[in-house]
Amino acid sequence: MKLVSFRADGAGRIGILRGDRVFDLGKADPGLPRCMKALLEMGAEGLRRAAIAAEGAIEAIPSHQVDLLPPVPQPEKIICVGLNYADHAAESGMQPPREPVIFNKLPTALRASGDPIVLPELSREVDYEAELVVVIGVGGRAIPRDNALAHVAGYTCGNDVSARDWQKGKPGGQWLLGKSFDSFAPTGPALVTADEVGYPGKLRIKCRLNGRLVQDSCTDQLIFPVAELIAYVSSVATLKPGDLIFTGTPPGVGMARTPPLYLRPGDLVEVEIERVGLLRNRVAGPPLASSE
Ligand code: ZN
């Protein structure tokens with residue numbers, strides 16, 4: 001099942017994406033919540049009811065007319081993993097870590113597929129990072145590795161957009177802020193449920209910049225696979241339904257190229273993951289000053 005969040009009449013909705021059509025779940029089953037996090041909080045029962053509602057849904061919107069939101073528009077946490085592909089660690093001049101390197105992104109950075117990545121005035125080195133993103137279904141603390149995949153609702157594509165001059169050039173390394181400028185966390189287009197994706201450890205992952213293949217790898221290259229990441233993070237912090245885990249990026253980022261290849265206004269960045277989808281975002285120039 002491919003679940004999407006979208007906006008209609010000024011409010012959030014959940015839909016099922018089937019082919020090039022989106023079915024509004026709230027119309028098919030008015031008892032279902034209209035927010036993805038609330039649906040995931042219902043656990044397996046929520047996904048089961050969504051599947052039943054989707055079967056009976058008739059009224060569809062052509063997907064190109066749908067105003068997509070990020071699959072989980074307001075997760076409590078966005079957890080990220082650094083240097084999780086051995087060859088990306090090498091191109092970054094780092095040793096492969098002995099334990100997962102964890103940081104986070106602020107949820108205000110989230111955007112949907114189709115939304116612009118807006119280059120901030122404050123950075124000149126904005127980079128792309130294609131990543132498989134885990135969406136937590138059933139939450140928990142101290143989740144054993146053997147049972148960790150049972151806590152996954154599904155997967156989506158993510159771009160861990162990164163201001164390298166903040167991440168590398170600021171005192172101590174500003175990983176959080178350098179990766180949290182507004183629009184630096186595009187995800188989507190859909191949350192593809194775990195049953196449809198199957199085993200997450202052998203998915204082809206690619207990034208294209210203006211049609212040129214710049215990253216091309218497979219999740220079998222992850223140093224710490226999905227189950228281990230869930231076990232590691234939940235040994236410290238309680239995972240909640242809707243939490244996102246960006247699992248790290250393969251080699252080929254702009255920073256590691258000679259000369260470096262940073263994002264420019266007008267660029268098109270595409271993250272494609274086998275069985276998970278295609279996330280497309282255009283790059284836009286700095287925003288006009290706002291009083292908000
Ligand atoms: Zn990353």
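Both ligands and their constituent atoms are indexed starting at 1 by order of listing.
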Pairs of donor and acceptor atoms involving the side chains of residues 55-65, under 3.5 Å and at least two apart or interchain, shall be tabulated with distances.
{"from": "Glu59", "atom 1": "OE2", "to": "Lys27", "atom 2": "NZ", "distance (Å)": "3.3"}
{"from": "Ser63", "atom 1": "OG", "to": "Asp20", "atom 2": "O", "distance (Å)": "3.1"}

By side-chain contact (heavy atoms from CB on, under 4.5 Å) - contacts of Arg257 (at least two apart): Tyr128, Arg212, Val214, Leu261
Protein N, O or S atoms lying under 2.8 Å from the Zn ion (ligand 1), listed by chain and number: Glu129 OE1, Glu131 OE2, Asp160 OD2
Beyond-backbone contact of Asp87 with Glu91, side-chain heavy atoms, under 4.5 angstrom: no
Non-neighbouring partners of Ser183 that pass side-chain contact (heavy atoms from CB on, under 4.5 Å), sequence neighbours left out: Arg111, Ile117, Val118
Cation-aromatic face contact Lys168/Trp166, 6.0 Å, 45 degrees: no
Non-hydrogen atoms of Pro189 and Leu68 that approach each other most closely: CB-CD1, 3.9 Å
